[in-house]
Amino acid sequence: MRVDSRPIKTRKSIKQALLVLLKKKDMSSITISELANEANVSRKTFYLHYKEISEIIEDIKIDLQSLFDDSIMKEKRVGFRVRTLNFINNIVKRVNEEEEYYTLMASSDYAKIIFNPLEDKLKQEFLYALDSETNMSDEKKECLVDFMIGGIINSVLKWANKENGISTYEQSNILFEIINNNVACYLKNDINGY
């Protein structure tokens, strides 16, 4: 049985339209009519998908949560380096597949609100991966992880917006090399974290 992709495309158009409008004005001053017009849908169609504008922000957060959930390694026994490389590869690939959407998300005045839950989850994931492989203090681990997260998110989003940019493969390798070089001196296992 074929799945109708129209509702998914419509919701995506509405989310992107909101992100475009948020670059121009505050959410409280955006009307449903204006949003529907920007998304190229009717008000009726808008209301088939959302009751109010704030629901769209929640839906965007769910998209980011899905991006995170799909990108982390489910296998818990692998080392920090393998987990990190796998995560970066998956994030870079997904962001590049939908670069316009994620670039709009990052450039919104609401980016911090949208990205906070993802950053918290990502922080837990990296702290988990570092716990068994380092003797670092909790403060040092937290500082290192915050640095890594900021670097990954900002780099991926900026690269996604560049015309004639480097390949997804190159992006992943550059980010991994930077992180690996900064973390290697703290890891107990010097055999690539395997």
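The two residues Ala36 and Arg43 come nearest to each other via the heavy atoms CB-N, 4.1 Å. The minimum heavy-atom distance between Leu175 and Gly151, with the atom names listed, is CD2-O, 4.2 Å. Closest non-hydrogen pair, Lys15 versus Ile60, comes out as CD-CG1, 3.8 Å. Residues Ile53 and Ile32 approach most closely at CG1-CD1, 3.6 Å, considering heavy atoms. Among all heavy-atom pairs drawn from Ser28 and Asp26, the shortest one is OG-OD2, 2.6 Å. Contact between Lys123 and Asp146 at its shortest, heavy atoms only, is NZ-OD1, 3.0 Å.
A distance of 11.0 Å separates CG of Asp59 from CG of Leu64, quoted to the nearest 0.5 Å. Atom-to-atom distance recorded for Ile14:CD1 and Asn40:CG is 11.0 Å, nearest 0.5 angstrom. Atoms CG and CD, from Leu130 and Glu142 in turn, are 11.5 Å apart once rounded to the nearest 0.5 Å. To the nearest 0.5 Å, the span separating CG on Asp120 from CD on Gln124 amounts to 7.0 Å. Note that CD of Glu177 is 8.5 Å distant from CG of Asn180, once rounded to the nearest 0.5 Å. In this structure, the separation between CD1 on Ile179 and CZ on Phe126 is 5.5 Å, given to the nearest 0.5 Å.
Using a 4.5 Å heavy-atom cutoff, the side chains of Phe176 and Asn89 are not in contact. Within the 4.5 Å cutoff, the side chain of Tyr50 has heavy atoms near those of the Arg11 side chain. Side-chain atoms of Lys24 and Glu38, non-hydrogen and from C-beta on, do get closer than 4.5 Å to each other. Within the 4.5 Å cutoff, the side chain of Glu55 has heavy atoms near those of the Glu52 side chain. Here the side chains of Met27 and Ile57 are in contact, with some heavy-atom distance below 4.5 Å. Counting heavy atoms from C-beta outward, Ile30 and Ile56 have side chains that stay 4.5 Å or more apart. At a threshold of 4.5 Å between non-hydrogen side-chain atoms, the residues Thr84 and Val183 do not count as touching. Looking at heavy atoms from C-beta onward, Thr10 lies out of side-chain contact with Leu48 at the 4.5 angstrom threshold.
A 6.0 Å sphere centred on NZ of Lys61 holds more than 12 heavy atoms belonging to other residues, nucleotides or ligands.
Linking Ile, Leu, Val, Met, Phe, Trp and Tyr residues whenever their side-chain heavy atoms come within less than 4.5 Å leaves Phe147 and Leu122 in two separate clusters.
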Steps toward salt bridge (charged side-chain N to carboxylate O under 4.0 Å, His left out) verdict (Lys141, Asp138): CA-CA 5 Å; Lys141 271 191 279 194; Asp138 288 344; 3.6 Å; yes
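Side chain of Asn90 to backbone of Asn86: a donor-acceptor contact under 3.5 angstrom is found. A donor-acceptor pair under 3.5 Å is absent between the side-chain atoms of Ser66 and the main chain of Ile62, judged by distance alone.
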